[in-house]
Protein chains: 2
Amino acid sequence: MLPNDQANRVFHALADATRRDILVRALEGPRNVSALARRYPMSVAAVQKHVAVLEAAGLVSKQRRGREQLVHPNVDTVRGAYRLLEQLEAVWLGRIDRIGELLAADHDTGPTP
Amino acid sequence: MLPNDQANRVFHALADATRRDILVRALEGPRNVSALARRYPMSVAAVQKHVAVLEAAGLVSKQRRGREQLVHPNVDTVRGAYRLLEQLEAVWLGRIDRIGELLAADHDTGPTP
DNA sequence: CATATCTACAACCATTTGGTTGCAGGAAAG
DNA sequence: CTTTCCTGCAACCAAATGGTTGTAGATATG
């Protein structure tokens, strides 16, 4: 499971529309940084920083090819975030179950009339 | 689907271990702010701010009961984030599919030897 | 070689974040 | 009524965020 501080980095990285889009583009196929930068109304350096945030979170890796740096996705990390949210929902469903048990128990022992 | 700026708020809210824990406690059962605050090494006001961030993201709502304010979860918003990550994975799987198609096409037409 | 392209990194700046303390109001308990 | 508890809000502060510009190195291209 994602350790707590990586979870912090992953969700922080996802909390920005530009970074989410960069991730989508990388998922579609490897892109270099300046090609990515052409899609957004900001400097190349700003996009470099966004990629660095995604990389620190383990959501993408960079791979040199000649003078360019290809950004490609780490799907496993996306799944890690996915699983964390799944666990949150499991807590919720567990609570529902416990309520169900209580109701069943109530029904079994029945409130003395 | 979550609008872009709500997605920003949701992932930002999840990018903090204290806030994720608050969400878990709320999922276990409604808690008031000062009961939550006792669990963390910080002031009540700090926890109030964390709850406000979760509330702005739509992850929890507050409901007054007498002098206390019960924090209870909005599971639908958790599922919204869930779905967004699902979509990311779908992009990835779509790419895999396209690669599969290409390979199949390569196999069909075959590279002329 | 000369020039253009892709990247890295530093310095700088405004804004946001995440904490603090202090104060005031409403509800519960003595 | 007085006191205690829970909450809301404002002011303040250090650190992080998200952008900029500028400089420099390495690789392609003419």
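Chain naming here is simple, since letters A, B, ... match the order of the sequence lines and numbering starts at 1 in each. Please read these numbers as outputs of a predicted model, since none were measured by experiment. Any value given below was found using the heavy atoms of this structure, including those in side chains, with hydrogens, waters and symmetry copies removed.
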Q) Between B:R20 (side chain) and A:N4 (backbone), is there a donor-acceptor pair under 3.5 Å? A) yes

Q.
Looking at B:N74 and B:G58, would you say the former's side chain and the latter's main chain have a donor-acceptor pair under 3.5 Å?
A. yes

Could you give the [atom1]-to-[atom2] distance, from [X] to [N], as a whole number of Å?
| X | N | atom1 | atom2 | value |
| --- | --- | --- | --- | --- |
| B:Q69 | C:dG25 | CD | P | 18 Å |
| A:K62 | C:dC6 | NZ | C1' | 12 Å |
| B:R9 | C:dT17 | CZ | P | 11 Å |
| B:L70 | D:dC6 | CG | P | 12 Å |
| A:E68 | D:dT29 | CD | C1' | 14 Å |
| B:N8 | C:dT16 | CG | P | 14 Å |
| A:R65 | D:dA28 | CZ | P | 10 Å |

Within the structure, does a side-chain N or O atom of [X] lie under 4.0 Å from either OP1 or OP2 of [N]?
| X | N | value |
| --- | --- | --- |
| B:H12 | C:dG18 | yes |
| A:H50 | D:dT17 | no |
| A:Q48 | C:dC9 | no |

Q) Do any of residues 19-45 of chain A sit with a heavy atom less than 4.0 Å from DNA chain D, and if so which? A) A:R19, A:M42, A:S43, A:A45

Q: Look at the side chain of A:R67 against the base of C:dT5 and say whether a donor-acceptor pair falls under 3.5 Å; ignore hydrogens and angles.
A: yes

(Q) If I take atom CG from residue B:L23 and atom CD from residue B:E28, how far apart are they, to the nearest 0.5 angstrom? (A) 10.5 Å

Q. Which distance, rounded to the nearest 0.5 Å, do you find between the NE2 of B:H12 and the NE2 of A:H12?
A. 9.0 Å

**Q.** Residue B:R64 excluded, over 12 heavy atoms near CZ under 6.0 Å
**A.** yes

Q.
One pair to check against salt bridge (Lys or Arg N to Asp or Glu O under 4.0 Å): A:R25 and A:D21. What are the steps and the verdict?
A. CA-CA 6 Å; A:R25 298 315 158 189; A:D21 195 72; 3.1 Å; yes

Q) Where the side chain of A:R64 is concerned, which of C:dT7, D:dC6, D:dT20 is the nearest nucleotide? A) C:dT7

**Q.** Which nucleotide in C:dA28, D:dT20, D:dA11 has an atom nearest any side-chain atom of B:K49
**A.** D:dA11

(Q) Both A:G66 and A:V53 contact DNA chain D. Which one's nearest nucleotide lies toward the 5' end? (A) A:V53

Q.
When you compare the side chains of A:Y82 and B:E89, does any donor N or O come within less than 3.5 Å of an acceptor on the partner?
A. no

